[in-house]
Amino acid sequence: MTLTPKRILAVKLADLGDALLIVPALRALKKAYPQARLDVLTTENGRVGLEGLPYIDHLQTFDKYQYDTPGSALRPERLLTVSRFLAKLRWQGYDTIIFFHHFSMGWGALKFRGLALASGAKQRVGLDPGSRRAGFLNIRVADGGFGANGQTERDYWRKLVQTLTGPVEYDERLEIFISQAERDQARQRLTQLQSLEPQRPLVAFGPGSGSYTLTRRWPAIRYARLADQLIAEYGAKIILLGSKNELALTQQIQSLTNCPGDLLNLAGQTSPKEVVALLARCRLFVGNDGGLAQLAGVAGVPSVVIFGPTNHIAWAPAGTETGRVQIVQSEMDLPCRPCLYTGKSLGSRLGCAARPCLTTISPDQVLETIRQFDLS
């Protein structure tokens with residue numbers, strides 16, 4: 001029998017895109033227990049997507065990347081840092097801790113075990129992969145693996161919450177808090193862009209894939225050819241989005257097009273929240289599996305998302321259920337796909353050198369999918 005939570009700690013130590021996927025679960029927790037304090041432990045990147053949401057009482061961040069291996073974690077100065085952090089966590093008096101993670105690796109599960117025990121929480125909720133890795137949990141949901149039985153990550157997190165709340169009404173929407181200043185900045189950028197040709201449809205490209213792995217990137221030359229086709233067929237103006245680390249990639253795409261003046265390169269110039277405000281005013285988003293695809297889901301913009309080595313079922317962006325988001329994959333029968341996030345394992349982070357799962361996707365194939373939307 002579960003206890004009625006009074007102080008809840010939700011744990012999602014991940015980047016922006018993955019952090020956004022727990023938003024519906026957090027909303028449901030607060031709705032079920034409005035008097036409970038709901039805190040979230042995440043990374044600095046995750047914080048960007050979650051800060052300002054009204055159902056989160058407090059955000060805590062931790063640099064989990066310094067502890068990704070035993071060798072780095074066991075340095076004396078880092079042991080001191082984590083000891084102080086865990087002591088502070090214990091002082092918060094959480095009665096419930098919920099892990100929005102798969103325990104895919106032994107070292108990761110060991111760290112979460114330490115976190116759970118240090119918190120002192122009586123209720124410890126999480127996914128059980130059927131091994132001793134989840135032995136510290138006392139409220140479990142079976143983990144069949146990434147994408148098992150058609151389950152998205154959002155499905156898993158809904159089930160975790162419902163082990164506590166029961167079958168309550170569940171709102172699947174992703175959302176992000178955007179200040180008026182960020183909306184105004186986005187509006188100003190688009191006003192400048194459309195001042196001379198206001199009738200041209202705006203199409204946003206997200207050709208990067210975040211810092212975790214570069215193997216999800218569809219080749220730059222394919223994005224350049226697709227841009228040429230969209231400009232020729234629809235008179236589109238292209239907005240290139242990405243982080244500062246992806247500026248070289250977006251510059252390469254711009255240099256490879258026949259119409260570089262029809263591409264506006266905003267890589268590294270916009271915050272994630274400004275990106276959402278920009279996307280909400282675009283006619284279409286085209287990009288790889290990654291954080292920008294999830295932000296497009298928040299914005300509600302029609303999207304075409306290119307999946308290569310990643311598990312497209314597990315990480316299907318919000319909107320695939322209604323058809324607002326279309327997924328494009330290689331038409332080849334590739335038994336090695338997916339090689340990233342497969343079964344109960346993370347799989348191959350680097351993929352293979354040939355990457356036929358991406359290189360056999362043509363601009364024409366993506367364009368054919370785009371034609372399902374009205375860009376006129």
Side-chain angles (χ1 to χ4, degrees), residues 17-18 21 102 104-105 127 129-130 142-156 203 205-210 212-230 233 249 253 256 284-294 296-297 302-373 375:
D18 286 353
L21 297 181
H102 297 266
S104 300
M105 301 181 68
L127 296 179
D143 184 355
F146 293 103
N149 301 316
Q151 294 183 101
T152 67
E153 292 296 278
R154 289 173 285 123
D155 291 330
Y156 273 123
V203 177
F205 279 8
S209 58
Y212 179 69
T213 176
L214 304 184
T215 61
R216 295 178 288 182
R217 291 182 177 181
W218 194 43
I221 185 62
R222 307 290 174 87
Y223 273 107
R225 294 289 78 81
L226 179 64
D228 290 338
Q229 290 173 303
L230 289 173
E233 186 166 331
L249 170 65
I253 293 170
L256 290 170
L284 179 74
F285 169 80
V286 182
N288 305 322
D289 167 41
L292 278 175
Q294 301 299 344
S303 302
V304 174
V305 183
I306 300 167
F307 274 81
T310 321
N311 192 317
H312 75 284
I313 297 175
W315 267 270
T320 52
E321 303 89 349
T322 63
R324 178 176 53 78
V325 176
Q326 295 291 324
I327 290 174
V328 174
Q329 292 184 289
S330 170
E331 295 175 334
M332 291 182 64
D333 183 15
L334 298 169
C336 57
R337 181 182 61 195
C339 66
L340 185 60
Y341 304 112
T342 176
K344 298 180 182 181
S345 158
L346 297 182
S348 173
R349 182 173 178 177
L350 299 179
C352 66
R355 286 190 298 159
C357 57
L358 283 173
T359 56
T360 57
I361 299 173
S362 68
D364 285 338
Q365 182 185 344
V366 178
L367 185 62
E368 193 61 35
T369 304
I370 290 172
R371 289 190 178 117
Q372 298 179 32
F373 299 105
L375 292 188

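The minimum heavy-atom distance linking Pro317 with Ala293 is given by the pair CB-O, 4.1 Å. Nearest heavy-atom pair across Ser348 and Gly351 is OG-N, 2.9 Å. Here the closest heavy-atom approach between residue Thr342 and residue Gly347 is recorded as CG2-CA, 4.1 Å. Between Cys357 and Gly308 the shortest heavy-atom distance is SG-C, 3.5 Å. The shortest heavy-atom contact between Val325 and Ala318 is CG2-O, 3.4 Å.
In this structure, a donor-acceptor pair under 3.5 Å is present between the side chains of Gln229 and Asp364.
Side-chain atoms of Arg217 do not come within 3.5 Å of backbone N or O of Leu358 as any donor-acceptor pair. Between the side chain of Gln151 and the backbone N or O of Ile313 there is no donor-acceptor pair closer than 3.5 Å. For Thr322 (side chain) and Gly319 (main-chain N/O), a donor-acceptor pair under 3.5 Å exists by modelled atom type. With Asp228 contributing its side chain and Arg225 its backbone, the two residues share no donor-acceptor pair below 3.5 Å. Under a 3.5 Å cut-off, the side chain of Asn288 and the backbone N or O of Ile306 do not form any donor-acceptor pair.
Inter-residue side-chain proximity for Pro338 and Phe146 is flagged as unmet; no heavy-atom pair is nearer than 4.5 Å. Side-chain contact between His312 and Asp289: absent, with no pair of heavy atoms (C-beta onward) separated by less than 4.5 Å. Contact check for Tyr223 versus Leu256: no side-chain heavy atoms found under the 4.5 Å cut-off. The closest side-chain heavy-atom distance from Ile370 to Leu226 is below 4.5 Å.
Atom-to-atom distance recorded for Gln365:CD and Arg222:CZ is 10.0 Å, nearest 0.5 angstrom. Rounding to the nearest 0.5 Å gives a distance of 12.0 Å between CZ of Phe285 and CZ of Phe373. Rounding to the nearest 0.5 Å places CD of Gln294 at 10.0 Å from CD of Glu153. Summarising the geometry, atom CZ belonging to Arg355 is positioned 11.5 Å from atom CZ belonging to Arg216; distances are rounded to the nearest 0.5 Å. Atoms OG1 and CH2, from Thr310 and Trp315 in turn, are 8.5 Å apart once rounded to the nearest 0.5 Å. Here Thr360 contributes atom OG1 and Leu334 contributes atom CG; the two are 6.0 Å apart, rounded to the nearest 0.5 Å.
Across Ser330, Pro356, Pro219, a single residue satisfies side-chain contact (heavy atoms from CB on, under 4.5 Å) together with Ile361, and that is Ser330.
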Could you walk me through whether Tyr341 and His102 satisfy the ring-ring contact (aromatic ring centres under 6.0 Å, His included) test, starting with their C-alpha distance in whole Å, then the side-chain angles of each, then the deciding distance to 0.1 Å, before giving a yes or no?
CA-CA 10 Å; Tyr341 304 112; His102 297 266; 8.6 Å; no
message = Val328 vs Trp218, test: side-chain contact (heavy atoms from CB on, under 4.5 Å). Steps then yes/no.
response = CA-CA 11 Å; Val328 174; Trp218 194 43; over 6 Å; no
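Within 6.0 Å of atom CD in Glu331, 12 or fewer heavy atoms from other residues, nucleotides or ligands are found, so the atom counts as exposed in its surroundings.
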